[in-house]
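Naming convention: chains lettered A, B, ... in sequence-line order (proteins, then strands); numbering from 1 in each chain.
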Amino acid sequence: MADNVRRSMPLFSMGIVQKLTGLTARQIRYYEENDLIHPERSEGNRRVFSFNDVDRLLDIKSLLDEGVNLAGIRRVLSEKPVVANRPAEGKKAMSDAELMKFLKSELVQAGKFGKTSLIQGELSRFFR
DNA sequence: GTTCTGACA
DNA sequence: TGTCAGTA
């Protein structure tokens, strides 16, 4: 259960998530409006994303890249309970350590190249 | 400086 | 979706 705790631990700010996912704040907020994600809120009403939210956002990005509309994405994601991120054996893509490492490298690259790096096109292949 | 909501091109 | 406004 320590796994779920870590995954739902609010750690990322909007800016970080933007770089991590390559999505714009506008999109992220829009997806939240459509109940695709449910970030926590901090003091000043700031969104605080958990590891799960980022992972979920990446899934959304993958679907978007495949030309799936919001309705379709919502359908796919609706099968994934928010807080109920059980140790789904045959569906687990990456371990926490791997995902963490991956995200960190993306951050570094995003920093080097300026803004959105390769996160946009290639990334979608690794997920889902 | 960063993020938030609402709104409009 | 982008972006501007007015805040917190």
Any donor and acceptor pair, going by atom type alone, linking the side chain of A:D53 with main-chain N or O of A:S50 inside 3.5 Å? yes

Take atom OH of A:Y30 and atom P of B:dA7, then tell me their distance rounded to the nearest Å. 15 Å

Atom-pair distance (CD on A:E33; C1' on B:dG6), nearest Å: 10 Å

Watson-Crick or G-U wobble mate for B:dT2, both contacts under 3.5 Å: C:dA8

Are A:L11 and A:V48 close enough that some pair of their side-chain heavy atoms sits under 4.5 Å apart? no

Rounded to whole angstrom units, what separation is found between the CZ atom of A:R46 and the P atom of B:dC4? 6 Å

Tell me: CD1 of A:I28 to P of C:dT1, nearest whole Å? 11 Å

Below the 4.0 Å mark, does B:dC4 have OP1 or OP2 next to a side-chain nitrogen or oxygen of A:R29? yes

Side-chain-base donor-acceptor pair under 3.5 Å for A:R47 and B:dT3: no

What does A:E43 touch in the nucleic acid at a heavy-atom separation under 4.0 angstrom: a base, only the sugar-phosphate, or nothing? nothing

Rounded to the nearest Å, what distance is computed from the CG atom of residue A:N69 to the C1' atom of nucleotide C:dT1? 16 Å

Compute whether any side-chain donor of one residue and acceptor of the other, for A:D59 and A:S62, lie under 3.5 angstrom apart. no

Taking only the side-chain nitrogens and oxygens of A:R26, find out if one of them lies under 4.0 Å from OP1 or OP2 of B:dG6. no

When rounded to the nearest 0.5 angstrom, what is the spacing between CG in A:L36 and OH in A:Y30? 9.5 Å

Do the charged groups of A:R56 and A:E32 touch, with an N to O distance under 4.0 Å? no

Between P on B:dT2 and CZ on A:F12, what's the gap in Å once rounded to a whole number? 19 Å

When the distance from CD1 of A:I16 to P of B:dT2 is rounded to whole Å, what number comes out? 11 Å

Atom-to-atom span, CE of A:M14 to C1' of B:dC4 - whole angstrom: 9 Å

Indicate, with a heavy-atom threshold strictly under 4.0 Å, whether A:G44 touches base, sugar-phosphate, or nothing. nothing

Can you check whether A:N45 has a side-chain N or O nearer than 4.0 Å to OP1 or OP2 of C:dA8? no

Looking at C:dT1, B:dC4, C:dG2, which one has an atom nearest to any side-chain atom of A:T24? C:dG2

